[in-house]
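A quick write-up on the structure given underneath.
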Amino acid sequence: MAVQISPSILAADFARLADEAAAVPNADWLHVDVMDYHFVPNLTLGLPVVEALRKATATPLDCHLMIADPDRWAPQYAEAGAGSVTIHAEAAKAPVRTLREIRVLGARAGLALNPATAVEPYEDLLPELDMLLLMTVEPGFGGQKFLDMVLPKVRRARELVRRHGGRIWLQVDGGVDADTIGRCAEAGADVFVAGSAVYGASDPGAAIDGLRAAAIRAQG
Ligand SMILES: O=C(CO)[C@H](O)[C@H](O)COP(=O)(O)O
Ligand SMILES: [Fe+2]
């Protein structure tokens with residue numbers, strides 16, 4: 001599996017987003033955490049910032065929607081030029097329709113599961129997905145401690161994805177750093193979001209190289 005690193009701009013300087021995007025030329029994606037004060041108790045940014053970022057960088061945007069009404073808003077993120085749009089299973093009321101709309105608009109379609117949400121009930125949705133995101137912290141804030149309890153679910157999800165042809169990317173998000181990334185890769189994740197571990201480092205580009213090397217080592 002190809003390892004991909006998606007640094008989260010949640011940990012970047014919001015006043016200098018274009019510079020912060022330019023600081024990670026070796027990133028595969030830029031992870032954009034959209035929070036609405038309803039699905040999670042935090043507020044970050046929305047469509048205008050995504051539209052501006054899209055013009056400011058060539059790196060594709062990986063939009064993680066932590067919002068109460070993803071069915072209404074997700075297609076607009078695809079229209080705004082996001083390369084990938086991920087909705088939460090806990091929030092979506094019509095996930096099949098919404099995931100299909102995301103794809104029709106030319107973006108990759110992702111489904112995110114909170115730490116306590118089981119993956120098995122979503123097996124029938126896998127054909128609609130390009131990526132499954134397993135949260136390794138409770139969504140809402142950067143800088144939280146990685147939840148090891150999610151690793152068995154990463155293993156089960158990898159097995160489900162394998163049974164469905166192995167096409168779907170398996171992303172982990174939350175508390176991923178040089179220490180925890182190996183456990184995630186060993187369990188079967190292949191796309192790694194890292195906020196603090198990248199933008200908290202003195203050299204964000206070097207931090208990405210280090211994370212990538214650790215994940216590849218762990219894949220064996
Ligand atoms: O979705 C998120 C939080 O809800 C963030 O993407 C995630 O927390 C990244 O930050 P860090 O690597 O610092 O944990
Ligand atoms: Fe995220």
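Position 1 is the first residue of the sequence; numbering continues from there. We count ligands from 1, going down the list as the structure has it; atoms in each ligand are counted the same way.
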Open item on the list: Which option wins on minimum heavy-atom distance to atom 3 (C) of ligand 1: Phe141, Phe192, Phe146?
Closed with: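 It is Phe141 that holds the nearest heavy atom.
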
Task: Sub-3.5 Å N/O-N/O distance, Gly143 and ligand 1 - done: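 Yes, Gly143 has an N/O under 3.5 Å of an N/O on ligand 1.
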
Task: Close N or O approach (His64, ligand 1; < 3.5 Å) - done: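 Indeed, backbone or side chain, His64 has an N or O that close.
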
What is the name of the N/O/S atom of [X] that is nearest to the Fe ion (ligand 2)?
X: His31; value: NE2
X: Asp33; value: OD1
X: His64; value: ND1

What atoms of ligand 1 come within less than 4.0 Å of a heavy atom belonging to [X]?
X: Gly174; answer: 14 (O)
X: Asp33; answer: 1 (O), 2 (C), 5 (C), 6 (O)
X: Met135; answer: 1 (O), 4 (O)
X: Pro139; answer: 4 (O)

Electrostatic pair [X]-[Y], nearest N-O below 4.0 angstrom:
X: Glu186; Y: Arg155; result: yes
X: Arg108; Y: Asp62; result: no
X: Glu51; Y: Arg54; result: no
X: Lys93; Y: Asp69; result: no
X: Arg97; Y: Asp71; result: no

Around [atom], find the nearest protein heavy atom and jot down its residue, atom name and distance.
atom: atom 7 (C) of ligand 1; value: Asp173 OD1, 3.0 Å
atom: atom 13 (O) of ligand 1; value: Ser196 OG, 2.4 Å
atom: atom 14 (O) of ligand 1; value: Gly175 N, 2.9 Å
atom: atom 12 (O) of ligand 1; value: Gly195 N, 2.8 Å
atom: atom 4 (O) of ligand 1; value: Gly140 N, 2.8 Å

TODO: Check whether any heavy atom of Ala194 sits under 4.0 Å from an atom of ligand 1.
DONE: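 Distance cut 4.0 Å: Ala194 passes for ligand 1.
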
Task: Close approach of Ala197 to ligand 1, heavy atoms, under 4.0 angstrom - done: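 Ala197: no contact with ligand 1 (<4.0 Å).
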
